[in-house]
Amino acid sequence: MPELLTEPRPGPEKALRLLLAGLTLVLLAGQVDTGNRAWNITPPPALITTVFLSWLAVKIAWAPIPWKEARLRAADLVIGFTMAGAPASATLSLQLLLTHYGLQLLLPSLASGSADAKGGPRAIQPFRLLASSFAALILLGTLLLTLPGATVEGRSLPVVDALFMATSAACVTGLSVLDVGQQLSRFGQIVILILIQVGGLGIMTLSAGSVFLLGRRVAMRDRQVMQEVLDSADLTELNRITTMVVKGTLLTEAVGAVLLTTGFLLRGRGLAESIWLGTFHAISAFCNAGFALFSDSLVGLNDDFLILSTVMALIVIGGIGFSVLTDLGDDPLHRRGSWSIHTRLVLATSGVLLAGGALFFFFSEGGASLQSQQPALRAMSASFMAVTARTAGFNTVPMAELSAAAVQMMLILMFIGASPGSTGGGIKTTTLAVMLLAIRQLASREQGALMGRSIPDSTLMRAFAITFISSGLIMLFTLLLCLTEQAPLQQIFFEVISAGATVGLSLGLTPDLTDTGRLLVTVLMFIGRIGPLSLALALGGMDRTALVRYPEARILVG
């Protein structure tokens, strides 16, 4: 659990804090159906309340509270009084503890305002700030989805299911253990939509954008964090880029919502329903989330060119990255030649993957899932499959009808994913391009060059490191799910890549996952959303020149 204190902890406070974290984990584990009652142990709510209030009393009495932490302590007092005054309930205790830890993670600025051992400001770790922000969003989303009003039946979702859905929405994955359109109420659907929007933009991007739009200044250390997230080479450009990101996102989603609303109106839906459907699917598509309000995703709309083309356009725009959108906004037709090499590489790689994938699906599925469609409709379906496999998660063809070749192609496209700085996941298009360049360099024994520029060795190493670690995680979680699930290996492997690349497509395994399997996939979705970016930030120091160089060793490989 998060540790935000900066002063040395007293023995009793630290012990109570660890005990509270342990009780929370046991309480959460008690919500998991393991099939063995001996493992389903639930701590008494009175014990949890006593430990929480004791920890809070010791913490408040130990030392003066900074004004930034005072807000958290006031919220903790409300939580403590609610625990003490409400009827004893394990579910309510878990909801209140999730609120407590969620608020702690939601205010990571406390850490940036704290002092280090020498009394100076503590440096921000961007990847830690990203992880804590998304964890807070997930915990608060879980809390809201466990409220009775989040479901149509008025009954609380199991905590494991709520955690899975909140993680899938916040990490813009799209995997779902329930029918969002049929089982969640309008309140629950709004919670999912907010999680998608905030998770898609990224909490730091959204918060920085709101600060800029309000005309406030951001500290230099905070700007350095934003520089890594938004891929800005110049700190002075952060204001303009962040404003364009927020405004551009809202404008694009608004245009998409209008077009989709028109499409649903033309299909005979009512005005209010069409507006809601258009807004939900526009945000879900732009953020590459893949959540749909229809039980069959978009299969029932596979002949609607207006809706499908709009969804595809939103997916592509949301998946090419903020820095690319900035370049395109400044020089749409490339008349001034101002596009960066990164932009040109993203557009070229994405174009090859989309066109190649569409052609492959068009011919491979002509005798399978698309054989009953006319050529024009088949071309639309094939194009949609190529687009959605790049981390979007919608489908217009039943996944069970896909041929083995189509499933394999989807695995490849899902693993590659979208582009850096976008709402999508995967190892990213530029990572693939850089690795191919490195392989060509090794084969020709010449210095690798891209559009007249050399690629730093650190970038090559970073690309291979991201790919290697991503592959290792896929193998690890495939093995774990093989131990917990009674399902074919192909379904498990597809599920793992879909979750790790935050895609959201499934061969039907998601609703049938055991509670343990759902927790494993939840962890994988979180890693898939946070991991590659955190790894890139953590490896950012590789650009520094080493002070010591050792003699080279000859090692035979391959």
Side-chain angles (χ1 to χ4, degrees), residues 102 105-106 130 133-145 150 162 164-176 180-181 184-214 226 229-230 241-261 275-293 310-311 313-322 325 391-394 418 421-425 502-504 525-526 528-530 533:
L105 289 169
L106 191 61
L130 275 174
S133 298
F134 273 94
L137 181 64
I138 291 170
L139 288 178
L140 294 179
T142 302
L143 170 68
L144 294 174
L145 290 176
F164 186 99
M165 295 299 297
T167 305
S168 183
C171 297
V172 291
T173 303
L175 291 175
S176 180
V180 176
L184 291 185
S185 65
R186 185 57 56 86
F187 169 75
Q189 294 172 8
I190 291 175
V191 171
I192 293 293
L193 190 62
I194 293 175
L195 292 174
I196 292 172
Q197 182 71 91
V198 179
L201 274 176
I203 292 180
M204 293 190 349
T205 306
L206 192 61
S207 61
S210 63
V211 170
F212 281 131
L213 292 176
L214 290 174
M226 292 304 304
V229 175
L230 294 178
I241 292 178
T242 310
T243 302
M244 286 185 63
V245 167
V246 176
K247 290 183 177 180
T249 296
L250 298 179
L251 178 60
T252 304
E253 290 175 345
V255 173
V258 170
L259 293 175
L260 291 178
T261 298
I275 293 176
W276 172 242
L277 291 174
T279 302
F280 187 96
H281 291 94
I283 295 176
S284 182
F286 178 82
C287 293
N288 281 213
F291 278 98
L293 295 180
T310 302
V311 170
L314 289 170
I315 293 172
V316 172
I317 293 173
I320 61 176
F322 297 136
L325 292 176
T391 78
F394 296 104
S422 71
T423 56
T502 66
V503 178
M525 288 188 292
F526 182 79
R529 177 61 173 164
I530 301 299
L533 180 56

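Numbers here simply count residues along the sequence, with the first being 1.
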Rounded to the nearest 0.5 Å, how far apart are CD1 of Ile190 and CG of Leu184? 11.5 Å

Which residue, Thr173, Ile138, Val172, forms the side-chain contact (heavy atoms from CB on, under 4.5 Å) with Met525? Thr173

Tightest non-hydrogen contact, residues Phe394 and Ile315, listed as CD1-CD1, 4.0 Å

How long is the span from the CG atom in Leu139 to the CG atom in Leu144, to the nearest 0.5 Å? 11.0 Å

OG1 of Thr142 to CG of Leu195: how many Å apart, nearest 0.5 Å? 8.0 Å

Between Ala418 and Gly319, the two heavy atoms sitting closest are CB-O, 3.3 Å

For Thr252 and Gly248, indicate whether the former's side chain and the latter's backbone hold a donor-acceptor pair under 3.5 Å. yes

Nearest 0.5 angstrom please: Thr310 OG1 to His281 NE2, how far? 12.5 Å

Using every non-hydrogen atom in the two residues, find where Ala289 and Ile196 come nearest and quote the distance to one decimal. CB-CG2, 3.7 Å

Please test Leu193 against Trp276 for side-chain contact (heavy atoms from CB on, under 4.5 Å), starting from the C-alpha separation and ending with a verdict. CA-CA 11 Å; Leu193 190 62; Trp276 172 242; 3.9 Å; yes

Would you check, one step at a time, whether the test side-chain contact (heavy atoms from CB on, under 4.5 Å) holds for Gln197 with Thr249? CA-CA 10 Å; Gln197 182 71 91; Thr249 296; 4.0 Å; yes

On a heavy-atom basis, which atom in Ile317 and which in Ile320 lie closest, and how many Å separate them? O-CG1, 3.5 Å

Backbone N or O of Gly199 within a donor-acceptor pair of the Arg529 side chain at under 3.5 Å? yes

Of all heavy-atom pairs linking Ala257 and Ala282, the shortest is N-CB, 3.5 Å

Tell me, please, which residues at least two apart from Ser168 pass side-chain hydrogen bond (donor to acceptor under 3.5 Å, both in side chains). none

For the pair Val311 and Leu260, evaluate side-chain contact (heavy atoms from CB on, under 4.5 Å) and give the outcome as yes or no after the intermediate values. CA-CA 8 Å; Val311 170; Leu260 291 178; 4.0 Å; yes

Spacing of Ile192 atom CD1 and Phe187 atom CZ [to the nearest 0.5 Å]: 10.5 Å

Quick one: closest heavy-atom pair of Ala166 and Gly141, and the distance? CB-C, 3.8 Å

Can you find a pair of side-chain heavy atoms, one from Phe164 and one from Leu145, that are under 4.5 Å apart? no

